[in-house]
Amino acid sequence: MNKRSLVSIDDLTTDEILKILDLAKEFEKNPSQLLLTGKIIATLFFEPSTRTRLSFESAINRLGGKIVGFSESGSSSVSKGETLHDTIRMVSNYSDLIVMRHPVEGSARFASEISSVPVINAGDGANQHPTQTLLDLYSIRKTQGTLDNLNIFLVGDLKYGRTVHSLMMAMSRWNTTFNFISPEELKMPDEFKLYLENLGLKYYEHSDFTEIISRADIIYMTRVQKERFSDPIEYEKVKNVYVLRNSILANTKPNMRILHPLPRVNEIHTDVDNNPKAYYFEQALNGVFTRQAILCTLLGIK
Ligand code: CP
């Protein structure tokens, strides 16, 4: 059994990332290929999800694989007190690969150490979301024609937003200029800034971006992660700090694109949706092709 897990984006070499993006491009041209016939994939979602779970399940169905699992832990024996350890030991007996989302940071690494089959981290708390990053890279390369030398604005909840943590780590490989835009309470954590500093890379922190928006190649908006706040009053203070509207996009580069991992709440006004620079719904579609490529790569197929 090939047991190659994907827990952090740093589990992949740059060459492996680029191969996954190339394979995703093939799947975009021809999404229905019976490459997972006879394979059973477990999708264990201990936290809510629309895109990650359903795009994985769509990817598996298009590849002819079968799915077991749950979309909320309340319907599993976790509700009777079963531990994550025992759950993973059981499910790895029933499947060829496990896709898992869990609220606890580090839970995916823990599961990968217990499991006898590969584990894909579909989001572990505020830590990492590597498959989102691969579809983000796919979307960036597709819209910009390159991953090299881009100016990326990461906007919103940089403290709890796992997608920006993984994306920042990945984009550090391509000479990216990083602009971090957040309220003081939701700044990029020191450990991720240190990650860039250790690589000798610069980043710039701002509380507003209207004055510098013309420099952006990608504006990556994020939702303030309500579920990670212990104090609801703290959430209320920061929830609407950034709202992207059409009116502030006038002076942006012609090829600039707006990404968002979704779901959005208020941070992108619906008046942006018909702007040709809005790319978030196409980005989510790219998740199917990218996840097809990830599944095949980890299972050693194609
Ligand atoms: N982007 C993302 O992870 O969305 P879901 O929470 O809907 O899976």
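Any value given below was found using the heavy atoms of this structure, including those in side chains, with hydrogens, waters and symmetry copies removed. Ligands are counted one by one from 1 in listed order, and the atoms in each one are counted from 1 as well. We number each residue from 1, following the sequence as shown.
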Check your understanding: With distance as the sole test, does Ser95 use its side chain to make a donor-acceptor pair with the main-chain N or O of Ile98 at under 3.5 Å?
Key -> no

Check your understanding: Listing by chain and number, which residues have a heavy atom under 4.0 Å from ligand 1?
Key -> Ser49, Thr50, Arg51, Thr52, Arg101, His129, Gln132, Pro261, Leu262

Review point. Quick one: do Ile152 and Leu137 end up in the same hydrophobic cluster if we chain Ile, Leu, Val, Met, Phe, Trp and Tyr together by side-chain heavy atoms under 4.5 Å apart?
Key: yes

**Study point:** Check: Phe27 ring centroid to Phe289 ring centroid under 6.0 Å
**Key:** no

Review point. When you measure from the centre of the six-membered ring of Phe45, is the NZ or CZ of Arg101 under 6.0 Å away and within 45° of the axis?
Key: no

Revision key, fill the gap. Nearest heavy-atom contact between Leu158 and His165 is O-NE2, 2.8 Å

Exercise for review: Kindly state each residue pair satisfying ring-ring contact (aromatic ring centres under 6.0 Å, His included) with at least one member in residues 69-91, sequence neighbours excluded.
Suggested key: Phe46-Phe70

